[in-house]
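Since the structure comes first, as structure tokens, the remarks are kept for the end.
Side-chain atoms are counted along with the backbone in the values below, which use heavy atoms only and exclude waters and symmetry mates.
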Amino acid sequence: MKLTIIAVGSKMPSWVQQGYEEYARRFTRDMPLELIEIPAGKRGKNADIKRILEQEGDKMLAAVGKGSKIVTLEVTGHNWSSPQLASKLVEWQHDGRDICLLVGGPEGLSAKCIAASEEKWSLSALTLPHPMVRVVLAESLYRAWSISTNHPYHRE
């Protein structure tokens, strides 16, 4: 099973790249973690946010692998603990499909992305900066993997 993060935004600060890559490289070949960046639409004073959101959503959905399960990151999603996420990861593995995790831009995800989602996940009730979400998401997935494989990374 492959885990793919599809996130709006590119040109992240170096600390974001380094943080994401630190956890992504730790995954094994049988469960790689990949990041696909979708360029954010131009937002300005008179920007048509609804249209921008729809365009970003269309690009995100086009990047989803055929047959993949879509999980959207949303404030209203399930707030799983690390052990619960580990159980969810095992459940996803048994499902047999690749997993695409969609992370929206400043205004969130398009209605099409939300409709295509099979599960909704909330990292926190807090509003997190979008660059930081990539690092937190990669670390959370790695921690869940470590719990599910009895790897010593996660200690209770």
Side-chain angles (χ1 to χ4, degrees), residues 1-43 47 49 52-65 68-93 97-114 116-149 151 153-154:
M1 175 181 80
K2 179 169 78 170
L3 298 167
T4 304
I5 299 170
I6 302 173
V8 171
S10 55
K11 300 178 186 167
M12 293 292 131
S14 61
W15 67 267
V16 173
Q17 272 308 113
Q18 291 168 349
Y20 167 80
E21 289 171 4
E22 175 63 28
Y23 293 104
R25 72 173 177 76
R26 296 180 184 195
F27 280 85
T28 61
R29 274 197 251 148
D30 63 330
M31 188 184 293
L33 179 64
E34 176 187 10
L35 172 65
I36 298 174
E37 295 180 321
I38 303 298
K42 288 218 182 238
R43 286 160 170 80
I49 298 300
I52 291 170
L53 202 57
E54 287 175 11
Q55 289 173 341
E56 290 171 350
D58 289 344
K59 290 176 185 173
M60 293 178 91
L61 292 173
V64 171
S68 294
K69 179 180 184 127
I70 297 174
V71 178
T72 50
L73 275 89
E74 302 179 52
V75 172
T76 59
H78 297 284
N79 190 353
W80 297 310
S81 66
S82 295
Q84 288 170 327
L85 181 57
S87 295
K88 186 58 65 176
L89 198 60
V90 170
E91 180 185 312
W92 292 343
Q93 284 177 294
R97 296 181 286 166
D98 290 337
I99 304 298
C100 288
L101 301 128
L102 306 186
V103 180
E107 293 83 21
L109 293 162
S110 73
K112 286 182 187 176
C113 289
I114 293 168
S117 174
E118 292 183 48
E119 294 200 51
K120 295 167 180 31
W121 176 17
S122 174
L123 292 177
S124 171
L126 297 171
T127 300
L128 299 173
H130 284 80
M132 189 175 288
V133 168
R134 296 174 188 204
V135 179
V136 172
L137 184 53
E139 192 282 336
S140 298
L141 291 166
Y142 179 72
R143 182 175 299 277
W145 172 85
S146 74
I147 293 168
S148 69
T149 61
H151 186 278
Y153 177 77
H154 177 77

Please say whether more than 12 non-hydrogen atoms of neighbouring residues, nucleotides or ligands are located less than 6.0 Å from CE in M132. no
Side-chain heavy atoms of K69 within contact of I99, under 4.5 Å: yes
Are the side chains of M31 and Y142 in contact, using a 4.5 Å heavy-atom criterion? no
So CE of M60 and CG of L53: to nearest 0.5 Å the spacing works out to 9.5 Å
Separation of L102 CG from I36 CD1 (nearest 0.5 Å): 10.0 Å
E91 bridged to K88 by N-O distance under 4.0 Å: yes
Can you tell me how far apart CG (L141) and CZ (R26) are? Round to the nearest 0.5 Å. 13.5 Å
Counting N and O atoms only, with roles assigned by atom type, does the side chain of T72 sit under 3.5 Å from a partner on the main chain of E74, one being a donor and the other an acceptor? no
How long is the span from the OG atom in S117 to the CG atom in L101, to the nearest 0.5 Å? 9.5 Å
W92 and W80 aromatic ring geometry - parallel, tilted or perpendicular at 30°/60° bounds: perpendicular
Determine whether M1 and L89 make a side-chain contact, defined as any pair of heavy atoms from C-beta on separated by less than 4.5 Å. yes
Between V103 and R134, is any pair of side-chain heavy atoms under 4.5 Å apart? no
Closest heavy-atom pair and its distance - L109, C113: CB-CB, 4.1 Å
Is any side-chain heavy atom of T4 closer than 4.5 Å to one of S68? no
Check: K2 main-chain N/O paired with D98 side-chain donor or acceptor under 3.5 Å: yes
Applying side-chain contact (heavy atoms from CB on, under 4.5 Å), run through H78 and Q84 and close with a yes or a no. CA-CA 10 Å; H78 297 284; Q84 288 170 327; over 6 Å; no
Roughly how far apart are L33 CG and L137 CG, rounded to 0.5 Å? 7.5 Å
Where A7 and L35 come nearest, the two heavy atoms and their spacing: CB-CD1, 4.3 Å
What closest approach, in Å, do S148 and V90 show between heavy atoms, and which atom pair accounts for it? CB-CG2, 3.6 Å
Taking the side chain as everything from C-beta on, heavy atoms only, tell me whether D58 gets closer than 4.5 Å to K112. yes
Exercise: identify the closest heavy-atom pair between V133 and L128: CG2-CB, 3.8 Å
To check you understand the geometry: which heavy-atom pair defines the closest contact between P39 and S10, and what is its length? CA-OG, 4.3 Å
Tell me whether the rings of F27 and W145 are parallel (<30°), tilted (30 to 60°) or perpendicular (>60°). tilted
Contact between I70 and L61 at the side-chain level, heavy atoms closer than 4.5 Å - yes or no? yes
Exercise: identify the closest heavy-atom pair between I52 and A47: CD1-CB, 3.8 Å
Does either side chain, that of Y153 or that of E139, offer a donor lying less than 3.5 Å from an acceptor on the other one? yes
Would you call R43-E56 a salt bridge at under 4.0 Å N-O? yes
I want to check something: taking the side chain as every heavy atom from C-beta on, are K120 and I114 in contact at a cut-off of under 4.5 Å? yes
